Amino acid sequence: MDAVRVRFAPSPTGYLHIGGARTALYDWLLARKTGGQFILRIEDTDRNRFVPDAVDDIKASLRWMGLTWDEGPEAGGTAGPYFQSERLDLYQKYAEELVQAGKAYYCFCSPERLAEMRKKQEEAKAASGYDRHCRELSPEEIEEHRAAGEPYVIRFKVPRTGKTKVRDELRGEMVFDHGTLDDFVILKSDGYPTYHLASVVDDHLMGISHVIRGEEWIISLPRHFLLYEAFGWQPPTFVHLPIFLSPDGKGKLSKRHGATGVREFKEKGYLPEALVNFLLLLGWHPSTDEEVFTLEEAAEAFSVERISTSPVSFSLDKLDWYNGIYLRRLSHEELAQRCLPFLQKDGLLPDPCPPERFAYLVRLMPLIQERIKLLSEISQAVGYFLQEEIEPPEPALIIGKKGTPEETVTILQETVAVIEALTDFGEENLEQTLRALADRLALKPGRVFMPIRVAVTGQAATPGLFELLAALGKQKVLNRLQQAITVLRKG
RNA sequence: GGUCCCAUCGUCUAGGGGUUAGGACACCGCCCUUUCACGGCGGCGGCAGGGGUUCGAAUCCCCUUGGGACUACCA
């Protein structure tokens, strides 16, 4: 088998979309699995929809996911340039070649005429498509138009009869009748190629062995096969990935359905490991029941044959679960590192963060690692440790469902007393002391612990009380206990 | 409208002639427990419908239905 060369070819018309990210992932995986090359090619042939910082976002998002490319922007390579806008002469040359060979022709139809034609077709409920108006122009007529400086496009001359047999690796052979195909544009009037021409020319010139792309392209497959045939080139293997449907089941996934850009997932606090794993299983399945894969493990297990063909509803619930899995796999140091930007954004830690404060953050990680599922939840989880003071909690929250204000004040006062006497503020000693206190007051441990918890954290759901108190430190604990007592007395 | 693709729990899916139709997420219950999580155990829940083929269809074929894609000088 020839060397595997796959390419991810996004169009810089927006930020890297989650669907594109999956395509890139499968590309990368196939290259890795086979020891082949992963190429990044920027398809910037639409000058109207071009978004200036889209290329940067695409590169950054790919890198964030760990999908580095062997050839492409910044990486270089011998098959470049990797921006289609820098290959215009190539497309023009090949388009012209087709014209010379009588397989394509100049078309001088104005956008207005085309719009009019389309309108009529719609009204007549006829099949849509170019009416081949310029297909049989005589050389003289063509010269006349060109001499007049009229803009033109180059259209591919689809055979009037016959069928084209195409092949998708997952779906097998499909046959398209030429009668359903129109003479599509391959070179636009601004000298830029359309996707059809550019991708075929580049895939051939770059030695691409497998084209992995979204299912929305399968309808264009016959055009691409026709182009390969016209050039006398061998088509690559095509793999069309199932489309992502919106979670509500209405149409394909789009911006209206919440986060669809890779960067948005990053900002929401998802780990790239989780996103990658989630995307991996959306359209691909191993032969085992395994569900958790690192990028390397996935590269080992991946195979094109196990990609599915049915449309995928893009529902996020499993992503949260994956995020939890990978969050818990991180070392405390690493977790802290990843949480840091979120805490800085919320003003809970300075930027840059002094080493001692970072060390304290690392110290807190074991307390919250099992309790957050998004990095963005870190501020809520750890805020009361990092802030000197907390808002006085609501009396009702301190007292709890079953307690009385009087009893709660007593509990808190007794707690202050025993804690003040403590010299060893370690977890174990704290537990011993407070359990003994509950015993002495003849109360259930929970009855004693809950008011303390709320008093020092302001929250009812927190890490274990003793580890939390130890991490907070004696002074803060005492201050907040006092504050709670004051609040209860006033209320 | 035309062309094409797709069809197993709510979701992602395994299963490709003989299975009590398997797993994961979500949901519910129980256990663990100072709260919340984590974890463990259990439960709920599915082959779109109709015809064939076959001794036997979730599995193969056809039709219907449903969903989706495309229908640009966008990709």
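Atoms considered below: every heavy atom in the structure, side chains included; atoms not considered: hydrogens, waters and symmetry mates. Because the structure is a prediction, the values reported are computed rather than measured. Chain naming here is simple, since letters A, B, ... match the order of the sequence lines and numbering starts at 1 in each.
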Testing A/Leu361, A/Val362, A/Ile368, A/Ile378 for side-chain contact (heavy atoms from CB on, under 4.5 Å) with A/Leu335, which one passes?
-> A/Ile368
Give A/Val312 one of three labels, base, sugar-phosphate or nothing, depending on what nucleic acid heavy atoms sit under 4.0 Å from its own.
-> sugar-phosphate
Does B/C38 have OP1 or OP2 sitting under 4.0 Å from an N or O in the side chain of A/Arg328?
-> no
Can you tell which of B/U13, B/U35, B/G68 lies closest to the side chain of A/Thr462?
-> B/U35
A/Trp321, nearest nucleotide to its side chain (from B/C4, B/C25, B/U13) | B/C25
Of B/C5, B/C12, B/U13, the nucleotide closest to the side chain of A/Lys318 is B/C12
Pair A/Phe302 and A/Tyr26, ring centroids less than 6.0 Å apart = yes
Criterion side chain to side chain donor-acceptor pair (under 3.5 Å) on A/Asp183 and A/Tyr105, from CA distance to verdict | CA-CA 9 Å; A/Asp183 290 349; A/Tyr105 59 91; 2.7 Å; yes
Counting any heavy atom closer than 4.0 Å, what does A/Ser287 reach on the DNA or RNA strands: base, sugar-phosphate only, or nothing?
-> nothing
Give A/Leu465 one of three labels, base, sugar-phosphate or nothing, depending on what nucleic acid heavy atoms sit under 4.0 Å from its own.
-> base
Proximity to the side chain of A/Ser308 - top-ranked nucleotide from B/C6, B/U3, B/U13 = B/U13
When all nucleic acid strands are considered with a 4.0 Å heavy-atom cut-off, which category describes A/Arg306: base, sugar-phosphate, or nothing?
-> sugar-phosphate
Taking the six-membered ring of A/Tyr106 (Phe, Tyr or Trp), confirm whether the NZ or CZ of A/Arg146 is under 6.0 Å from its centre and within 45° of its axis.
-> yes
Each nucleotide N or O in nucleotides 72-75 of chain B that has a protein N or O under 3.5 Å away: list the pair and distance.
| residue | atom | partner | partner atom | Å |
| --- | --- | --- | --- | --- |
| B/C73 | OP1 | A/Arg118 | NH2 | 3.2 |
| B/C73 | O2 | A/Ser189 | N | 2.7 |
| B/C73 | O2 | A/Ser189 | OG | 2.6 |
| B/C73 | N3 | A/Ser189 | OG | 3.0 |
| B/C73 | N4 | A/Cys109 | O | 3.3 |
| B/C74 | OP2 | A/Lys188 | NZ | 2.9 |
| B/C74 | O2' | A/Asp46 | OD2 | 2.5 |
| B/C74 | O2' | A/Arg49 | NE | 3.4 |
| B/C74 | O2' | A/Arg49 | NH2 | 3.1 |
| B/C74 | O2 | A/Arg49 | NH2 | 3.1 |
| B/A75 | OP1 | A/Thr45 | OG1 | 2.9 |
| B/A75 | OP1 | A/Lys188 | NZ | 2.7 |
| B/A75 | OP2 | A/Tyr195 | N | 3.1 |
| B/A75 | O3' | A/Glu43 | OE1 | 3.2 |

Review item, nucleotides 61-66 of chain B N/O atoms under 3.5 Å of protein N/O:
none

Side-chain donor/acceptor contact of A/Arg171 with base of B/C5 under 3.5 Å | no
Which of the following nucleotides, B/G23, B/U35, B/A69, is nearest to the side chain of A/Lys252?
-> B/A69
